[in-house]
Amino acid sequence: MKKFDKDRLILGFAGPVLALVVALALTTVVLLASGQNPFEPYRIMFESASYADVQVLIINQAGTYYLAALAVAVGFRMNLFNIGVDGQYRLAAMMAALVGASVDLPGPLHIALIVIVAMLVGAFWSGIAGFLKTTRGVSEVVSTIMLNSIATALVAWMILPKNFGEQPPGSNNLTTGEIPESGWFPGLPMGDMAGEIYGFTFVAAGCGVLYWFALNRTRFGFDLRATGASETAAQASGVDAKKMVLTSMLISGAVAGLAGMPTLLGDTHTYSLDFPTGIGFTGITIALLGRNNPLGIALSALLIAFLDKSSASLDQYGYEKEIATIMQGLIVISVVVSYELVRRYGIRRQQQKVGEELAAGHALTTEKEAAL
């Protein structure tokens, strides 16, 4: 039976906890420097989050963030930095909305078609970066950043009324047309005043379980982690590193394509100029804070969603709601610094334990020699 490693557990929690404490402290300093009450905004945010409708909004937003963060985490475990999740998510959501609005199928088939299209488009778009990396050695950071810009331009062109978009009468908005009701994903009603939890939020939770299982209980997951730790060592053991890079980027993009489904299938039922943006970049923050662990990512997604939704009422009390944005930015900085501090402490602690064990072994040997 595997021995419980208390030090590893403590170090695992130390990074996120330290990052949150530092971010909270720095945010308080910012509020003090601006001449505002440093504690009142927190009270207002927690009070806002006590209402059922805000809680539903937080859970729904967390589901979207969770999928985006899982997409980033797949790349991170492979030592790949997929910054293109936002472009993959938006392009996939738009193409899925276009297909969903143009067909009329029985409910389950309609939903399945929309989801499959979203995954294929996301995988295709990230696969371009994977192909460039494996065949030409192009950094995935550079290629995915460029692909984000291309995706933005492509979406803007496709949604024009002269191409594939529609402009509702009396509105300046542009949409892809509404998906028929057969393509709506049923949600969980939480009461007349609270609304409903998107049904796809539960699918997002299932993706987290699948991510954990694939990473920790399959040969593919072992190869993925081994290649991420050392590409040369993985190749020496028979793993095709280039194939793993391409496969990881395809899976990352497919999951990124799912990130738009909670909103598309549970709320808007169309892609428009109002569709949420920046989801992919928030996913990077959440994956970092959650240390690529499915449970840690879930808690981080809930935290960031809480900051987003509970801060909406701050301006009613004379506080800028951008306080939450400042805190999110500080969390990113704090994560990088705190994880490095924890890593260095972990190395020193490990060296100390090895030294203690060697000293104990030497003392035992000396005692045996003296007895003889």
Of all residues at least two apart in sequence or in a different chain, which pass the salt bridge (Lys or Arg N to Asp or Glu O under 4.0 Å) check with [X]?
X: Glu196; result: none
X: Arg219; result: Asp223
X: Arg348; result: none
X: Lys133; result: Glu140

List in chain and number order the residues that pass side chain to side chain contact (heavy atoms under 4.5 Å, CB included) with Phe164, two or more places apart in sequence or in another chain; answer none if no residue qualifies.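 Checked Phe164 against side chain to side chain contact (heavy atoms under 4.5 Å, CB included); matches are Leu98, Trp157, Met158.
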Please list, chain by chain and in numerical order, all residues satisfying side chain to side chain contact (heavy atoms under 4.5 Å, CB included) with Ala301, sequence neighbours excluded.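 Ala301 satisfies side chain to side chain contact (heavy atoms under 4.5 Å, CB included) with Ala62, Tyr65, Tyr66, Ile286 once adjacent residues are dropped.
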Apart from Leu295 itself, which Ile, Leu, Val, Met, Phe, Trp or Tyr residues share its cluster (side-chain heavy atoms under 4.5 Å, direct or through members)?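 Grouped by the 4.5 Å side-chain rule, Leu295 forms a cluster of one, so the answer is none.
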When the side chains of residues 180-194 are checked against the rest of the protein, which donor-acceptor pairs come out under 3.5 Å, sequence neighbours left out?
residue : atom : partner : partner atom : Å
Ser182  : OG   : Leu105  : O            : 3.1
Ser182  : OG   : His110  : ND1          : 2.7
Trp184  : NE1  : Ile179  : O            : 2.9
Trp184  : NE1  : Pro180  : O            : 3.3
Trp184  : NE1  : His269  : ND1          : 3.4

Judged by atom type as modelled, is there a donor-acceptor pair below 3.5 Å linking the side chain of Ser48 to the main-chain atoms of Ile44?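 No; zero donor-acceptor contacts below 3.5 Å.
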Per the side chain to side chain donor-acceptor pair (under 3.5 Å) rule, what does the pair list look like for residues 37-46, sequence neighbours excluded?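 As it turns out, the side chain to side chain donor-acceptor pair (under 3.5 Å) pairs with a partner in residues 37-46, which skip direct neighbours, are Thr28-Tyr42, Glu40-Arg43, Arg43-Glu47.
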Contacts under 3.5 angstrom, residues 120-132 side chains, donor-acceptor by atom type, not counting sequence neighbours:
residue : atom : partner : partner atom : Å
Trp125  : NE1  : Leu147  : O            : 3.1
Ser126  : OG   : Gly122  : O            : 3.2
Ser126  : OG   : Ala123  : O            : 3.2
Ser126  : OG   : Met249  : O            : 2.6
Ser126  : OG   : Gly253  : N            : 3.4

Could you give all pairs that pass the salt bridge (charged side-chain N to carboxylate O under 4.0 Å, His left out) test and reach residues 305-317, with sequence neighbours left out?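 Not a single pair qualifies under salt bridge (charged side-chain N to carboxylate O under 4.0 Å, His left out).
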Distance-only donor-acceptor hits, side chain of residues 71-89, under 3.5 Å, sequence neighbours excluded:
residue : atom : partner : partner atom : Å
Asn82   : OD1  : Gly84   : N            : 3.0
Asn82   : OD1  : Gln88   : NE2          : 3.1
Asn82   : ND2  : Gln88   : OE1          : 3.3
Asn82   : ND2  : Ser252  : OG           : 2.8
Asp86   : OD1  : Gly278  : N            : 3.0
Asp86   : OD1  : Ile279  : N            : 2.9
Asp86   : OD1  : Gly280  : N            : 3.0
Asp86   : OD2  : Arg90   : NE           : 3.1
Gln88   : NE2  : Gly84   : O            : 3.2
Tyr89   : OH   : Pro276  : O            : 2.7

